[in-house]
Participant: 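First the structure, then my questions, so here it is.
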Amino acid sequence: MSSAAPRLLDDAEITRQLLDLPGVVRGVAGALTLAVRAPSFEEAVQLVRLVAKDAELMNHHPDIDLRWCTVTFTLSTHSARGVTQLDIELAHQILQSAMAVGAVTLSAPHRVEVALDVADVDAVRPFWKAAL
């Protein structure tokens, strides 16, 4: 028995639903991002545990980056290749859990990902090593 991938939300629908999700922004590659700062490392870990429990119940798992007291969540539905209602619902759950541990939302970190599609990696490596 196979289930169909959840429906992708269009830009207008995402924009409308983000109005009810303070701190949640559009991230890179068709994802939503939420960064929060917990009062302590222990409470940041507790937040990750709370979100993990909710994610398991939903069978929908975010990418999580924990750096001391800051936790960044990246939400997308990989099977649909973008944002679905599952991501919106999980974002609401994350905000509730963040509030429960006393975390505050932060501006989303600015990240840039670069991928090079080259035939000969060794030929371009010296240039990129020097440039970066």
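The figures that follow rest on heavy atoms only: side chains count, while hydrogens, waters and symmetry mates do not.
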Participant: Quick one, Val25 and Leu18 - any side-chain contact, counting heavy atoms below 4.5 Å?
Facilitator: no
Participant: Which pair of heavy atoms, one from Gly82 and one from Leu8, lies closest together, and at what distance?
Facilitator: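 Gly82 and Leu8 have their closest heavy atoms at CA-CD2, 3.4 Å.
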Participant: Test side-chain contact (heavy atoms from CB on, under 4.5 Å) on Leu34 and Val36; report intermediate values, then the result.
Facilitator: CA-CA 7 Å; Leu34 170 62; Val36 299; 4.1 Å; yes
Participant: Any side-chain heavy atom of Leu66 sitting closer than 4.5 Å to one from Phe41?
Facilitator: yes
Participant: Could you tell me which non-hydrogen atom of His92 sits nearest to which non-hydrogen atom of Asp20, and how far apart they are?
Facilitator: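 It is CE1-O, 3.6 Å.
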Participant: If two hydrophobic side chains count as joined below 4.5 Å and joins carry through other members, does Leu19 share a cluster with Ile14?
Facilitator: no
Participant: Under a plain distance cut-off of 3.5 Å, with no hydrogens placed, do Gln85 and Glu13 share a side-chain donor-acceptor pair?
Facilitator: no
Participant: May I have the step-by-step check of side-chain contact (heavy atoms from CB on, under 4.5 Å) for Thr70 and Leu106, ending in yes or no?
Facilitator: CA-CA 9 Å; Thr70 301; Leu106 302 172; 3.8 Å; yes
Participant: Roughly how far, to the nearest 0.5 Å, is CD1 of Ile88 from CD of Gln93?
Facilitator: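 Those atoms lie 13.0 Å apart.
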Participant: Take Thr33 and Leu75 through the side-chain contact (heavy atoms from CB on, under 4.5 Å) test and state the conclusion after the steps.
Facilitator: CA-CA 6 Å; Thr33 302; Leu75 307 160; over 6 Å; no
Participant: When you group the ILVMFWY residues by side-chain heavy-atom contacts below 4.5 Å and let the links chain together, are Met58 and Leu50 in the same group?
Facilitator: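 Yes, it is one cluster - the side chains of Leu50 and Met58 are joined through contacts under 4.5 Å.
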Participant: Backbone N or O of Ser79 within a donor-acceptor pair of the Thr77 side chain at under 3.5 Å?
Facilitator: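 A pair under 3.5 Å: no.
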Participant: Mind checking whether Arg26 and Asp11 have side chains closer than 4.5 Å, heavy atoms only?
Facilitator: yes
Participant: Under 3.5 Å, is there a donor on one side chain and an acceptor on the other for Arg67 and Thr72?
Facilitator: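 No donor-acceptor contact under 3.5 Å links the two side chains.
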Participant: Restricting to non-hydrogen atoms, name the atom on Ala80 and the atom on Pro6 that form the minimum distance, rounded to 0.1 Å.
Facilitator: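 It is CB-O, 3.4 Å.
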Participant: Examine distances only and state if a side-chain atom of Asp87 and a backbone atom of Ser76 form a donor-acceptor pair shorter than 3.5 Å.
Facilitator: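 Pair found, side chain donor or acceptor close to backbone of Ser76.
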Participant: List the atom of Asp54, the atom of Ser97, and the distance in Å for their closest heavy-atom pair.
Facilitator: OD2-OG, 3.6 Å
Participant: Do Leu86 and Asn59 have side chains that approach each other closer than 4.5 Å (heavy atoms only, starting at C-beta)?
Facilitator: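 Result no, sub-4.5 Å side-chain heavy-atom pair not found.
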Participant: Tell me if the CZ atom of Arg81 is crowded by more than 12 foreign heavy atoms within 6.0 Å.
Facilitator: no
Participant: Is there a path of hydrophobic side-chain contacts, each under 4.5 Å between heavy atoms of I, L, V, M, F, W or Y residues, that connects Val51 with Leu57?
Facilitator: no
Participant: Is any side-chain heavy atom of Leu90 less than 4.5 Å from a side-chain heavy atom of Leu32?
Facilitator: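 A side-chain contact under 4.5 Å is absent here.
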Participant: Run the side-chain contact (heavy atoms from CB on, under 4.5 Å) check on Lys53 and Glu56 step by step: do they pass?
Facilitator: CA-CA 5 Å; Lys53 183 178 177 183; Glu56 279 295 304; 5.9 Å; no
Participant: Would you say Glu43's side chain and Ser40's backbone share a donor-acceptor pair under 3.5 angstrom?
Facilitator: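 Checking the backbone N and O of Ser40 against the side chain of Glu43, a donor-acceptor pair under 3.5 Å is found.
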Participant: Considering non-hydrogen atoms only, spot the tightest contact between Gln46 and Val101 and give its length.
Facilitator: CG-CG1, 4.0 Å
Participant: Is Val71 linked to Trp68 within one hydrophobic cluster, defined over Ile, Leu, Val, Met, Phe, Trp and Tyr using a side-chain heavy-atom separation of less than 4.5 Å?
Facilitator: yes
Participant: Would you say Thr105 and Arg37 make side-chain contact, with heavy atoms under 4.5 Å?
Facilitator: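 No, side chains not in contact.
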Participant: Identify the heavy atoms of Phe73 and Pro62 that sit nearest to each other, and give their distance.
Facilitator: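 Closest pair (atom of Phe73, atom of Pro62, distance): CD2-CG, 4.4 Å.
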